[in-house]
Chemist: 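Mind looking over this structure? Questions follow.
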Amino acid sequence: MDGIHDLGGMGGFGPIEVERDEPVFHEPWERLAFALNILGITAIGAYNADEYRHAVERMDPAHYLAASYYERVLTGAATLLVEKRIVTHHELESGAGGLFPLAQPVAENPTADLKPQTQARFKVGDRVVVRNVFPAGHTRAPRYVRGKRGVVLHIAPAFSFPDGSAHGLSARSEHTYHVEFPARELWADSAGNDESVVVDLWDSYLEAR
Amino acid sequence: MDGIHDLGGMGGFGPIEVERDEPVFHEPWERLAFALNILGITAIGAYNADEYRHAVERMDPAHYLAASYYERVLTGAATLLVEKRIVTHHELESGAGGLFPLAQPVAENPTADLKPQTQARFKVGDRVVVRNVFPAGHTRAPRYVRGKRGVVLHIAPAFSFPDGSAHGLSARSEHTYHVEFPARELWADSAGNDESVVVDLWDSYLEAR
Amino acid sequence: MSNPRRSQPPAPPEARANALAELLDEKRLIPAGFLDAVATNAEHEWSPRNGARVVARAWVDPEYRKRLLADATTACAELGYAGPQGEYMVALEDTPALHNVIVCTQCSCTAWPVLGLPPDWYKSPEYRARVVREPRRVLHEMGLDLPKSVSIRVWDTTAETRYMVLPLRPAGTEDWSEEQLAETVTREAMIGIALVSVVTSRE
Amino acid sequence: MSNPRRSQPPAPPEARANALAELLDEKRLIPAGFLDAVATNAEHEWSPRNGARVVARAWVDPEYRKRLLADATTACAELGYAGPQGEYMVALEDTPALHNVIVCTQCSCTAWPVLGLPPDWYKSPEYRARVVREPRRVLHEMGLDLPKSVSIRVWDTTAETRYMVLPLRPAGTEDWSEEQLAETVTREAMIGIALVSVVTSRE
């Protein structure tokens, strides 16, 4: 999904505010929200980390940007606990004494048709291009590298394919690659010529060039 | 600028709410905001329509999405009236009795190096591709057609080139073209094969293919 | 905006709009009557009723229809409709095989003289983001189910052309007057999220 | 969210978090002590102090440095640092000609065992959007001016690899102990928005 979460390269944002000696959690409810999400993934086992990421991505973009990080965590966890029928939206709003906004529903056909790659197809130094696909559901190839050409720096172990595991599809693992893209390949002349971005991409996302 | 205003194709948005028998303005301040912006462009002559559009685009993305349409109009107009030294931000906040958020500053090097095209280079039926450039300032080529291939349906008269006129650069006019892109060229397999999008593009944005 | 936890809400938009107006007034930058005249014009002169009359004329007058499709700016001016955001207008002809829809993904550009200032739904991020990507679904959600045989062309208003859709004339209106026909044409039909429909008295 | 004019604000986040916790508790889905144990672990066990000890060891022990660069997961585990969000870790070696910076543009993935839960600035839309596009400017704004001769590599944490930067050892620390060195290594340096700097007593 080309959602608001896919922020790499978006303009219009201002300075980055750094807080000195920042605590791990600023308020008790942030601590609680963090732990509730871990509970949902592990002790309750209602959803996995890919489903969680996608639930956050499905938040209304205005809510996503207005929310602090732990409000996004809370919204993602609550959305999945409602979708998995552990709690109801009505119960949540009764308990909260007001609106409890959840994320948008999952798309009808969330996954693109990407052929599973059980063997690592690429090696260090290979020149690759990111496939030009537009899955309506979860994917981890950021929009800013779609169709862009890079070079493999490193091969990581096989990991669960997120486009599938976020949508309850059968287990599928693939190697990921650290692929380096010159900044000028990504952003044309507006980028420095001594800068690059390395993106960690599953085998299925890539094609040889 | 790949800003939040460039919304075409972004996922995560919910249903479109249609209000029956909607009035032109819902509240007196909306009516006022509309008229103040026209005042700034015409009677005061402090800025042009391209500068205005860019000022709205420069709003912080969270503010942009949280704001109603006429709050965006108001923010764009106020930002330019401050930047043009007609009013000060301090005066605005004193008068409003609280925060009056303005847009982010214009980028340092806002325009990409696009060669002026004084003559129409394309004719109806020509196959074109949208240049893969990333201006940091105002541009009217939406992100979703960048690098995409289309066909010219219609040639419109020459109009002022917005990437220049939004940044006070010397007058430059170019024809625009109604360029049709098959939906599958834009969004790959996730799109219907009997749909297309027509985008109105200045000559400089295009290359022959 | 970096840290929502610590951000203060802005002053209400009415307080901000009033503050700007008062400041400009103090600096004597507002000609007498200017603001009200501009807004009144927007409320009364720019109206989808104008576009409806253009459509009805095109339905009853084949020569006018030709002129509208060849040069909408001039054809609209014939009926008295011209002005800001109408400097170069193009009419998009619906056919039984092709349905046109208008959007402005980057802001909310609209042909003011014939459509009026646009409604909230047209200006919403939802419509702007979605209609170029999933037009058939968006139209369905908005109540328009097109047969699969009908292709959809979405027009993104990204430059200075301002579009209006020339919808299909509904069946059963052969003997209707131009004035009666104009009454049936909605802004929604001229943007392309609805068809023109009529309840004929004979049915 | 379609119409900000008519949207009501949600309940405060603390009310929402408490409501969810109470509901799950009523349904007996929270094992005794679970929530506090998880949060306490996050506050005390996952810490940039761990990463700082890894860096200091790599600075004083060339064999450990080799092992860290070849297999950071195992090298960190040698010092006792492992666990969730640290299943596959990679250390990025800064050199006088190359500076590494870490981000997660799509969410906020971080190597918890060695960096701790990430700070607000790392999770902010500002950092996530900007550092991949204008890294030199972002670093400048954050107080790090790199010489033009230094290239910048930005690492976007888009899959399961969790990165940490192995910064340059500051000059003048040749006789410092491993413990002293570890004190100088900040989370910011291990993410790449700062260098490790020291004030040496001899100056």
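To find a chain, count down the sequence lines: A is the first, B the second, and so on, and within it residues start at 1. Bear in mind the structure is a predicted one, so any value in this text is a computation, not a measurement.
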Chemist: Compute whether any side-chain donor of one residue and acceptor of the other, for B:Arg72 and C:Ser108, lie under 3.5 angstrom apart.
Modeler: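 No, because no side-chain N or O of B:Arg72 sits under 3.5 Å from a partner of the opposite role on C:Ser108.
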Chemist: Where do B:His178 and C:Tyr163 land on the side-chain contact (heavy atoms from CB on, under 4.5 Å) test, with the steps shown first?
Modeler: CA-CA 11 Å; B:His178 301 175; C:Tyr163 301 104; 3.3 Å; yes
Chemist: Under a 4.5 Å heavy-atom cut-off, does chain B meet the side chain of C:Phe34, its backbone, both or neither?
Modeler: side chain
Chemist: Measuring from atom OG of B:Ser173 to atom CD of C:Glu160, what distance do you get when rounded to the nearest 0.5 angstrom?
Modeler: 10.0 Å
Chemist: Distance from C:Leu35 atom CG to B:Phe34 atom CZ, nearest 0.5 Å?
Modeler: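 C:Leu35 atom CG to B:Phe34 atom CZ measures 11.0 Å (nearest 0.5 Å).
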Chemist: So B:Glu17 and C:Trp121, side-chain contact (heavy atoms from CB on, under 4.5 Å) or not? Walk me through it.
Modeler: CA-CA 6 Å; B:Glu17 293 174 19; C:Trp121 65 261; over 6 Å; no
Chemist: Side chain, backbone, both or neither: which part of C:Leu20 has a non-hydrogen atom closer than 4.5 Å to chain B?
Modeler: both
Chemist: Tell me, side chain or backbone of B:Val197 under 4.5 Å from chain C's heavy atoms, or both, or neither?
Modeler: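 Both backbone and side chain.
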Chemist: Do B:Glu195 and C:Arg153 sit within salt-bridge range, that is, some charged N less than 4.0 Å from a carboxylate O?
Modeler: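 Salt bridge absent between B:Glu195 and C:Arg153.
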Chemist: Under a 3.5 Å distance rule, please check whether C:Arg130 uses its side chain to pair with a backbone N or O of B:Gly14 as donor and acceptor.
Modeler: yes
Chemist: Is it the side chain or the backbone of B:Ser196 that comes within 4.5 Å of chain C heavy atoms, both, or neither?
Modeler: both
Chemist: Using modelled atom types and a 3.5 Å cut-off, is there a donor and acceptor pairing between side-chain atoms of B:Trp187 and backbone atoms of C:Val132?
Modeler: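 Such a contact is found between B:Trp187 side chain and C:Val132 backbone.
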Chemist: Please state whether the side chain, the backbone, both or neither of C:Lys123 comes within less than 4.5 Å of a heavy atom of chain B.
Modeler: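 Interface part for C:Lys123: both.
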Chemist: Could you please spell out the steps behind the side-chain contact (heavy atoms from CB on, under 4.5 Å) verdict for C:Thr40 and B:Arg31?
Modeler: CA-CA 9 Å; C:Thr40 300; B:Arg31 192 175 188 273; 3.0 Å; yes
Chemist: Given the options B:Leu32, B:Leu39, B:Val145, which has more heavy-atom pairs under 4.5 Å with chain C than any of the others?
Modeler: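 Result: the option with the highest number of such pairs is B:Leu39.
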Chemist: Please classify the contact of B:Val24 with chain C as side chain, backbone, both or neither, using a heavy-atom distance under 4.5 Å.
Modeler: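 When you check distances to chain C, only side chain atoms of B:Val24 fall under 4.5 Å.
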Chemist: Aromatic rings C:Tyr88 and B:His154: how do their planes relate, parallel, tilted or perpendicular, breaks at 30° and 60°?
Modeler: parallel
Chemist: Can you tell me which portion of B:Ala183 sits under 4.5 Å from chain C's heavy atoms? Options are side chain, backbone, both or neither.
Modeler: neither
Chemist: What part of B:Ile44 gets within 4.5 angstrom of chain C, counting heavy atoms only: side chain, backbone, both, or neither?
Modeler: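 Contact with chain C: side chain only.
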Chemist: Side chain, backbone, both or neither: which part of C:Ile30 has a non-hydrogen atom closer than 4.5 Å to chain B?
Modeler: both
Chemist: Which bit of C:Ala42 is near chain B, if near means a heavy-atom gap under 4.5 Å: side chain, backbone, both or neither?
Modeler: both
Chemist: Side chain from CB out, backbone as N, CA, C, O: work out which of these in C:Pro84 comes under 4.5 Å of a heavy atom of chain B, or both, or neither.
Modeler: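 The answer is neither part of C:Pro84.
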Chemist: Heavy atoms, side chains only, cut-off 4.5 Å: are B:Pro142 and C:Asp156 in contact?
Modeler: yes
Chemist: Under 4.5 Å from any heavy atom of chain B, what part of C:Glu14 do you find: side chain, backbone, both or neither?
Modeler: both
Chemist: State whether B:Asp194 and C:Arg136 are salt-bridged, where the test is any N-O pair (Lys NZ or Arg NE/NH1/NH2 against Asp/Glu carboxylate O) under 4.0 Å.
Modeler: yes
Chemist: When you measure from the side chain of C:Arg128 to the backbone of B:Asp6, do you find a donor-acceptor pair of N or O atoms at a distance under 3.5 Å?
Modeler: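 Looks like no, no N/O pair under 3.5 Å.
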Chemist: Is it true that B:Glu91 and C:Lys27 have a side-chain N and a carboxylate O under 4.0 angstrom from each other?
Modeler: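 Yes, this pair counts.
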Chemist: I need the B:Arg143 CZ to C:Thr105 OG1 distance, nearest 0.5 Å.
Modeler: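 Rounded to the nearest 0.5 Å, the CZ-OG1 separation comes to 12.5 Å.
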Chemist: Can you name the closest pair of heavy atoms from B:Pro15 and C:Glu126 and give their distance?
Modeler: O-CG, 3.6 Å
Chemist: What's the verdict on side-chain contact (heavy atoms from CB on, under 4.5 Å) for C:Leu29 and B:Ile86, showing C-alpha distance, side-chain angles and the deciding distance?
Modeler: CA-CA 9 Å; C:Leu29 290 167; B:Ile86 310 274; 3.4 Å; yes
Chemist: Go through the side-chain N and O atoms of B:Asp200 and C:Thr161 and say whether any donor and acceptor fall under 3.5 Å apart.
Modeler: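 Result is yes, a qualifying pair exists.
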Chemist: Heavy atoms only, distances under 4.5 angstrom: which of B:Val73, B:Thr75, B:Ile38 has the most pairs with chain C? Name it, please.
Modeler: B:Ile38
Chemist: Answer with side chain, backbone, both or neither: which region of B:Phe181 has an atom nearer than 4.5 Å to a non-hydrogen atom of chain C?
Modeler: neither
Chemist: Check each atom of B:Glu93 against the heavy atoms of chain C and say whether the ones under 4.5 Å are side chain, backbone, both or neither.
Modeler: neither
Chemist: Identify which part of B:Thr42 has an atom lying under 4.5 Å from any heavy atom of chain C, answering side chain, backbone, both or neither.
Modeler: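 Contact with chain C: side chain only.
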Chemist: Between B:Ile41 and chain C, with a heavy-atom cut-off of 4.5 Å, which part of the residue counts as in contact: side chain, backbone, both or neither?
Modeler: neither
Chemist: Check whether C:Asp36 gets within reach of chain B through its side chain, its backbone, both or neither, counting any heavy atom under 4.5 Å.
Modeler: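 Both the backbone and the side chain of C:Asp36 come within 4.5 Å of chain B.
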Chemist: Quick check against the 3.5 Å criterion: does C:Gln106 have a side-chain atom that pairs as donor or acceptor with the backbone of B:Arg140?
Modeler: yes
Chemist: Hey, does C:Pro13 have a side-chain heavy atom less than 4.5 Å from the side chain of B:Glu27?
Modeler: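 No, their side chains stay 4.5 Å or more apart.
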Chemist: What part of C:Val103 gets within 4.5 angstrom of chain B, counting heavy atoms only: side chain, backbone, both, or neither?
Modeler: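 Nothing of C:Val103, per the 4.5 Å heavy-atom cut-off to chain B.
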Chemist: Side chain from CB out, backbone as N, CA, C, O: work out which of these in C:Thr157 comes under 4.5 Å of a heavy atom of chain B, or both, or neither.
Modeler: backbone
Chemist: Side chain, backbone, both or neither: which part of C:Val131 has an atom under 4.5 Å from a heavy atom of chain B?
Modeler: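 No part of it gets close to chain B.
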